[in-house]
Every structure is written in C-alpha cells, then in structure tokens.
Amino acid sequence: MNAGQTWTVGVTGATGYAGGEVCRLLAGHPNLTLAGVHANSSAGRRLGELQPHLLPFADLVVQGSDAADLAGYDVVVLALPHGESAAIAAQLPEDTLVIDCGADHRLNDPAAWARWYGGDHPGTWPYGLPELPGQREELSKARRIAVPGCYPTSVTLAMAPALAAGLVEPEVVVVAASGTSGAGKSAKPHLLGSEVMGSVSAYGVGGVHRHTPEMIQGLSQAAGADVTVSFTPTLVPMSRGILATCSAKLQPGVTAEAARAAYERAYGDEPFVHLLPEGQWPTTAQVLGANTVALQVAVDPDAGRLVVVAAVDNLTKGTGGAAIQCANLALGLPETTGLPLVGVAP
C-alpha cells in the first residue's frame, strides 16, 4: 500500500448525527476524501445549512441516496435508519468498500433478526469491532463491514475479557446511561430540552432494547458459550456519551488481581481501549470526541461480583470512529490513521 494513496468516500445519511460524525472525522483523514454527501430528505440543500460545524464541506450539495447516486465511490458509508441499508448495499459493486452503520448486517441469526427487527434477514457481514479476537484478520480482507451498535461496543468490550478468561458466570447485568444523540436527529417529543434537562429516565426496560441480541452475540462469541444479558438503558441530559456499568457473578476463587490481569492482557496493546489506573473511574467527558473506550474493573467481594465500567462516545468509537477504524483496516492503512486518541476538555 502506498502511504500517499487516497480513496474517495460517499456518506449517505450525512445530515444525521452518525453520518455527520463520519464526515467530521474524514476532514482530518490523510487518505480518505469525502467526495459526496447524500440524504433523500435533504437532497438539493447545502451541507452547511444542515451540519454547520462541518465547515470544510459546507458547500457540498446533498444528493439522493439511491444506489445509482452512490455509484463511483471507492468507499460508501451507510449511516441510515435500520432496515434501509440492505437494499442499497445489494446494488453496489462488489469491489466497493461498503460500511453499514445501521443494524441491517450485524446479527448472525436470522431468527434473532426476525424477532427484533422483523422481515427477512438481510445477511451477515464481518462485525466491525476489531478488538474482539480474530476480527482484525476478518476485517482486513472485507469489502462489506457492519459497524457495531453504540451500546454493544461499550458492553462487549467491558465484559469480553472476563468471559473469555472464565472469570465470571455467563450471566451479565448491564445498566447504561446514554446521551440524547443515541436516539438520532429526528424530532421526538421525549427528547425536547424541556423534557430531558434535569431528568434521568429508563427506557427499553425488561429485555426489549434491540441492541440486546447484539450484546448476547458478541459476549457469547467471547465466552465460547451462551451468555444471557439483562440490559437496562437510561437517558441522561447530555448530548453524547455512554457510561455502561456491567457486572457478573465471579467464579469461585477469582481475585481482584486476577481480574485486572485478564484485562491488562486483553487490552495492553490496544490503541483505542484503555484500562485506567486503579482508583480512577471512567467518565464520558474523558472520551468526548475520541475514538477511545475507558475501562475500570473492580471486584465486589461481598456480592461476589465483577463490576466493569466503560465510557465511550456513542458517535465516535460508538459509530463514526468505528466506521473509519474499520475502513483503515480494510484498505491496509494503519488502524489509527485519522482518528483522535485524545478527548475534548472541558
């Protein structure tokens, strides 16, 4: 691969939060050039009207999102609502690198797709979480990649090392707080500022959130056995970020030292996953705008449980940054190319 080689990128759904984040990151990428932005609902308008922070691309005119509109790019990023990616992707050339930020191609099990999303299963693509064992090799030769959901990114990376090492029983409990951007950019009454400010609310309670089967899939892969997940998401008054608190019952004899050692082995060489020093706990602020995950592990000896807390920016490592990270791998670029490792503070 020539270090100076460049590829053109088209982003559809570019007027939404996830698509806008992909565009933001492309502005600083030395090898990927944003050549077109697409969104059926906004076709004909300047991107600067809809995403005023994307100053380098303000004069790009939004085009439609049909497959014909997306032909000709080296890389196509689909940042569309669930259920809208598959039909478009099926019409794109096989040699085009297509990265789907939606759920259409994440699940392996057609029955799980039918239960959680309905309709025919669109098929499974390589899963875009390079930190899972074996995934880098699969992604490095892929031309179709499914970006993980934001909640599954935090939860899978939080619990995979413990399950892979056999430190805990395969029953995981998760309570995760998310900012409002996780719900997308469409106007929704419960996301109005007057509804959200000063309030925290639970939603998708009782195992009904659509990210649950994706967590089960990833954690079961890590454990080599079926894993159950009890997941309760909460909405908190911030624009972006996820803080996931995950726990599982410890196997007999597992110490805090053994638990920490397992995470040090798993993530010691990972550029985007950081096990914090003992006593320091993750915050969403420290990963704001960065393609990083901050983790901390603890053993609750009285409850006999492992507790892992993970912080991630749902729009960066949780979506847009993951798309760029996977594109880097698929194109033979260094994985960290164009991706921020440092958050924004304050």
| said: Using the rule given for side chain to side chain contact (heavy atoms under 4.5 Å, CB included), can you reason through T96 versus L70, listing the C-alpha separation, both sets of side-chain angles and the distance that settles it, and then say yes or no? | reply: CA-CA 10 Å; T96 300; L70 296 167; over 6 Å; no
Using every non-hydrogen atom in the two residues, find where [X] and [Y] come nearest and quote the distance to one decimal.
X: H29; Y: N328; result: NE2-OD1, 2.8 Å
X: K185; Y: T15; result: NZ-O, 3.0 Å
X: S178; Y: G182; result: OG-CA, 4.4 Å
X: A103; Y: H82; result: N-ND1, 3.1 Å
X: A89; Y: L78; result: CB-CD1, 4.1 Å
X: A311; Y: T284; result: CB-N, 4.1 Å

| field | Between Y151 and H209, ring centroids under 6.0 Å | value | yes
| F231 ring center near H211 ring center (under 6.0 Å) | no
State plainly whether one hydrophobic cluster holds both [X] and [Y], where clusters connect Ile, Leu, Val, Met, Phe, Trp and Tyr through side-chain heavy atoms under 4.5 angstrom apart.
X: V297; Y: V309; answer: no
X: L275; Y: V155; answer: yes
X: V299; Y: V254; answer: yes
X: M215; Y: V307; answer: no
X: I216; Y: L163; answer: yes

Do any N or O atoms from the side chain of [X] and from the backbone of [Y] form a donor-acceptor pair under 3.5 angstrom?
X: Q325; Y: L129; result: no
X: D104; Y: S85; result: yes
X: N314; Y: G241; result: yes
X: R260; Y: T255; result: no
X: D313; Y: L288; result: no
X: K249; Y: E171; result: no
X: S230; Y: V173; result: no
X: E131; Y: Y267; result: no
X: Q296; Y: Q280; result: yes
X: E214; Y: G149; result: yes

Quick one: does [X]'s side chain get under 4.5 Å of [Y]'s, heavy atoms only?
X: N291; Y: I324; value: no
X: Y73; Y: L92; value: no
X: P189; Y: E195; value: no
X: D100; Y: W125; value: yes
X: V22; Y: I99; value: no
X: N31; Y: T337; value: yes
X: F272; Y: V293; value: no
X: P130; Y: L329; value: yes

| Exercise: do D74 and T8 side chains pair donor with acceptor under 3.5 Å | yes
Atom pair [atom1]/[atom2] of [X] and [Y] - distance to nearest 0.5 Å:
X: L26; Y: T33; atom1: CG; atom2: OG1; value: 8.5 Å
X: H105; Y: W113; atom1: NE2; atom2: CH2; value: 8.0 Å
X: D109; Y: W116; atom1: CG; atom2: CH2; value: 12.0 Å
X: E94; Y: R143; atom1: CD; atom2: CZ; value: 12.0 Å
X: D66; Y: I88; atom1: CG; atom2: CD1; value: 7.0 Å
X: R144; Y: L97; atom1: CZ; atom2: CG; value: 8.0 Å

| task | Decide side chain to side chain contact (heavy atoms under 4.5 Å, CB included) for T153 and I242; before the verdict, give the C-alpha distance in whole Å, the side-chain angles of both, and the deciding distance to 0.1 Å. | result | CA-CA 10 Å; T153 294; I242 288 174; over 6 Å; no
| query | Is it true that D300 and R305 make a salt bridge, defined as a side-chain N closer than 4.0 Å to a carboxylate O? | reply | no
| request: Determine, step by step, whether V77 and V147 satisfy the side chain to side chain contact (heavy atoms under 4.5 Å, CB included) criterion, reporting the C-alpha distance in whole Å, the side-chain angles of both residues, the deciding distance to 0.1 Å, and the verdict. | output: CA-CA 10 Å; V77 179; V147 173; over 6 Å; no
| task | Take E270 and R136 through the test salt bridge (Lys or Arg N to Asp or Glu O under 4.0 Å) and record every step on the way to the result. | result | CA-CA 12 Å; E270 289 294 341; R136 276 194 177 87; 2.6 Å; yes
| field | From CA spacing to verdict: side chain to side chain contact (heavy atoms under 4.5 Å, CB included), M159, V229 | value | CA-CA 11 Å; M159 293 305 299; V229 176; over 6 Å; no
